[in-house]
Amino acid sequence: MPIYKAPLRDHQFVLHEVLGAVEHARGMPAFADVDADTVNQVLEEGARFCSDVLLPLNLRGDEQGCRFDPASHEVKTPEGFRAAFDQFRDGGWQGLTADADYGGQALPHVLQIAFDEMRCAANQAWTMYSGLTQGAYECLHVHGTPQQKQTYLPKLASAEWTGTMCLTEAHCGTDLGLLRTRAEPQTDGSYRITGQKIFISAGEHDLADNIVHLVLARLPGAPTGVKGISLFVVPKFLPQGDGDSARVGARNSLYCGGIEHKMGIHANSTCQIVFEAATGWLVGEPNKGLNAMFVMMNGARLAVGVQGLGLTEAAYQNASAYAKERLQGRSLAAAKSGSDSSQPADPIIVHPDIRRALLTARAWSEGGRAFSCWLAMMVDQHRHHPDAAERETAGDMLALMTPVAKAFLTDNAFDGVSQCLQVFGGHGYIHESGMEQMLRDARINMIYEGTNAVQALDLIGRKVLMDGGAKLRKFGKLVQEFLAENATSVEMNEFVTPLADLGDKVQKLTMEIGMRAASNPDEAGAAAVSYLRVIGHLVFAYFWAKMARVALDHTSDAGTDPFYRAKLATARFYFQRLLPETAYHIRAARSGAKNLMELEAELF
């Protein structure tokens with residue numbers, strides 16, 4: 001069975017030594033009482049739950065999958081999933097960051113992200129049953145009426161009820177302007193929702209008493225396109241009462257029409273949901289549903305990036321353990337590598353290319369951990385900081401970096417997991433190793449919540465060119481401040497020099513693409529995917545340089561902790577082996593649209 005042990009030391013390194021997450025949180029009245037001991041205790045308990053409860057269910061859940069009963073339209077989750085969800089609910093984990101007024105623990109979002117990484121590493125499919133519940137909570141918290149908040153938020157925060165996001169229809173995926181689900185107003189202020197949605201994660205299951213669907217639909221006479229979309233809350237069972245005392249009432253007129261048979265995340269039910277004049281209530285303003293839903297969508301995109309991060313870490317741990325035990329071949333430099341002549345062969349960890357594969361996954365994982373935790377700190381700052389300017393800055397960073405987190409982390413995950421599967425050789429594609437399951441799961445993460453190409457278009461179009469690069473310059477200011485702080489440090493030169501060089505190249509590339517796109521919009525589309533990879537590396541180079549700075553401060557001491565030596569070695573690997581990928585992508589982005597668009601469509 002695959003192994004997984006939550007990387008608590010690395011989480012603590014990132015949160016306490018690199019990012020100063022506790023000090024950052026305590027600067028906001030909402031988290032004035034948070035301390036390092038609380039953070040560490042939550043992480044330790046979360047790690048125990050993931051290792052002891054979730055991990056043993058992962059392989060078996062993939063084998064069993066979900067079972068759909070066409071007669072009752074019900075879905076049964078794999079063996080053990082419900083008991084694990086009961087433990088999750090009883091432990092109060094769903095309400096980790098929810099307001100105390102609604103039964104939550106009101107802790108910083110950065111703890112949620114760290115816990116989510118652990119959960120996804122141990123069992124991504126199980127984690128997804130509660131993942132969108134958090135997004136539904138946040139969406140209703142921002143846009144719901146007082147009555148909707150009292151009805152739904154306590155139940156969502158407690159995981160007594162779960163939530164979904166119903167966007168996609170069979171004829172439209174990302175292009176939500178084409179959706180046809182309709183909403184007819186009723187005299188009592190409710191609406192009748194009619195239509196069909198597909199690819200609804202956790203749309204039907206046996207883990208909770210109720211499932212709260214957030215559904216995009218059109219009102220009569222609504223404008224065409226995305227400007228005519230409204231958002232509705234449509235529960236599986238109609239609620240009776242409010243708050244903690246709310247209970248399920250009559251069954252609503254909606255049902256699961258079937259579940260998808262997917263390449264991965266078999267243990268999560270991906271559903272077709274049919275609404276037949278189901279009762280729902282408007283969330284937010286008419287025809288502005290997409291804006292309201294973006295609260296949930298953006299949270300989900302960051303969450304999917306963290307799913308990829310968790311899989312990268314799990315794959316690395318398994319491949320590393322295997323490489324230390326698997327005997328095959330002899331070291332090319334036996335005397336230097338510690339080759340043991342008493343053994344028939346050496347462990348494959350002695351081979352340079354095995355180390356390249358392992359270090360690739362390790363660099364993607366540890367860099368992604370620093371990035372995602374920083375983004376979670378921006379979530380807290382955007383929601384809770386008393387200074388409006390600080391809230392605005394955090395909001396700009398979230399807007400800019402959400403597509404990067406979703407796409408870069410999941411692209412890296414597929415690469416990292418694939419590298420780790422290769423370490424296993426033939427055993428990698430045997431189910432019992434767990435590696436082929438991780439690879440299948442990782443590939444799906446690159447598609448849903450907006451394909452990574454869509455994220456790239458969002459980044460270059462809406463987040464960079466639309467505001468003339470203002471948000472990107474704000475992040476660039478962070479980089480420049482770090483470079484200035486370390487300008488005279490000889491030992492940091494190997495990290496700050498390539499970081500500074502990439503920063504200059506990003507500035508020039510952005511200007512060049514912007515000028516071309518002004519006369520031909522296809523230029524932005526042609527450059528988008530490569531541009532996102534370059535921006536992702538700028539982010540990773542910044543955080544890896546920050547981590548290297550901390551590691552260097554410790555490796556100068558006598559009796560150096562091996563943790564810091566490993567961190568420094570991985571940083572050097574990233575800068576020397578992975579960062580050079582940017583040279584290819586800068587050249588590809590600059591090659592323009594002609595090489596993509598000149599071939600007539602009928603010749604494909």
Side-chain angles (χ1 to χ4, degrees), residues 1-12 42-66 77-94 96 111-134 159 201-202 205 207 264-268 303-322 361-362 364-366 368-369 372-373 409-410 413 416-417 420-421 431-442 444-445:
M1 186 179 80
I3 62 170
Y4 172 69
K5 182 178 181 181
L8 289 175
R9 176 70 189 276
D10 204 55
H11 277 292
Q12 292 164 354
V42 171
L43 293 179
E44 289 166 7
E45 287 302 315
R48 188 175 297 112
F49 175 78
C50 294
S51 297
D52 296 351
V53 179
L54 298 187
L55 181 64
L57 302 175
N58 193 32
L59 199 66
R60 184 174 66 205
D62 185 68
E63 293 168 350
Q64 292 182 359
C66 295
T77 55
E79 179 185 345
F81 270 45
R82 182 164 185 167
F85 203 84
D86 288 343
Q87 291 187 52
F88 173 78
R89 182 188 298 112
D90 293 344
W93 288 107
Q94 183 68 59
L96 198 63
L111 277 171
Q112 183 72 60
I113 289 296
F115 179 50
D116 286 349
E117 182 205 322
M118 297 177 194
R119 293 198 296 156
C120 292
N123 194 327
Q124 176 178 322
W126 182 93
T127 300
M128 291 173 64
Y129 285 103
S130 65
L132 287 174
T133 303
Q134 181 183 350
S201 298
H205 56 76
L207 306 181
I265 51 173
H266 292 158
N268 188 268
V304 172
V306 172
Q307 289 174 3
L309 172 58
L311 290 172
T312 310
E313 174 65 31
Y316 167 73
Q317 290 190 20
N318 282 271
S320 175
Y322 183 81
R362 180 170 182 153
W364 290 145
S365 177
E366 294 179 6
R369 184 168 300 118
S372 62
C373 285
L409 294 182
T410 58
V417 175
C420 291
L421 185 148
H431 182 68
E432 288 77 7
S433 72
M435 302 306 293
E436 60 88 28
Q437 177 190 345
M438 293 182 205
L439 191 65
R440 288 185 282 107
D441 292 353
I444 292 177
N445 292 337

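Along the sequence shown, the residues carry numbers beginning at 1.
Residues N123 and T127 approach most closely at O-OG1, 2.9 Å, considering heavy atoms. Among all heavy-atom pairs drawn from G80 and R60, the shortest one is CA-NH2, 4.4 Å. The two residues A267 and G61 come nearest to each other via the heavy atoms CB-O, 3.5 Å. The shortest heavy-atom contact between C66 and P78 is SG-CD, 4.2 Å. The two residues L439 and L421 make their nearest non-hydrogen contact at CD2-CD1, 4.0 Å. Here the closest heavy-atom approach between residue A114 and residue L43 is recorded as CB-CD2, 3.6 Å.
Without hydrogens or angle criteria, D62 side chain to N58 main chain gives no donor-acceptor distance under 3.5 Å. Looking only at distances, no side-chain donor or acceptor of S365 sits under 3.5 Å from a matching main-chain atom of A361. A distance-only check finds no donor-acceptor pair linking the side chain of E313 to the backbone of A121 [under 3.5 Å]. Remark: the backbone N or O of I3 is not paired with any side-chain donor or acceptor of Q317 at under 3.5 angstrom.
The CG atom of N318 sits 11.0 Å away from the OH atom of Y4 when rounded to the nearest 0.5 Å. Taken to the nearest 0.5 Å, the OG1 atom of T77 stands 4.5 Å off from the CG atom of L207. Separating the CG atom in L309 from the CD atom in E366 is a distance of 10.5 Å, to the nearest 0.5 Å. Atoms CD and SG, on E117 and C120 in that order, are 8.5 Å from each other to the nearest 0.5 Å. W93 CH2 to Q134 CD: the interatomic distance, rounded to the nearest 0.5 Å, is 13.5 Å.
Classification of R48 and E45 as a salt-bridged pair holds, one side-chain N sitting under 4.0 Å from a carboxylate O. Residues E436 and R440 are paired through a salt bridge, judged by an N-O separation under 4.0 Å between the basic side chain and the carboxylate.
Two residues are said to be in side-chain contact when any heavy atoms from C-beta on lie closer than 4.5 Å; Q307 and M128 meet this criterion. Residues R82 and F85 form no side-chain contact, since every pair of their non-hydrogen atoms from C-beta on lies 4.5 Å or further apart. Proximity of L59 to H431: side-chain heavy atoms (C-beta onward) are separated by under 4.5 Å at one or more points. Side-chain contact check for L311 versus N445: some heavy-atom pair is nearer than 4.5 Å. Within the 4.5 Å cutoff, side-chain heavy atoms of S130 are placed close to those of R119.
Between the side chains of R362 and S320, not a single donor N or O lies within less than 3.5 Å of an accepting N or O.
Ring-plane geometry between F88 and W126 is classed as perpendicular, the angle between the planes exceeding 60 degrees on a 0 to 90 degree scale with a lower cut at 30.
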*asked:* Between F49 and F115, is the side-chain contact (heavy atoms from CB on, under 4.5 Å) condition met? List the steps.
replied: CA-CA 10 Å; F49 175 78; F115 179 50; 4.2 Å; yes

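Checked against ring-ring contact (aromatic ring centres under 6.0 Å, His included), H205 has the following partners two or more places apart in sequence or in another chain: Y129.
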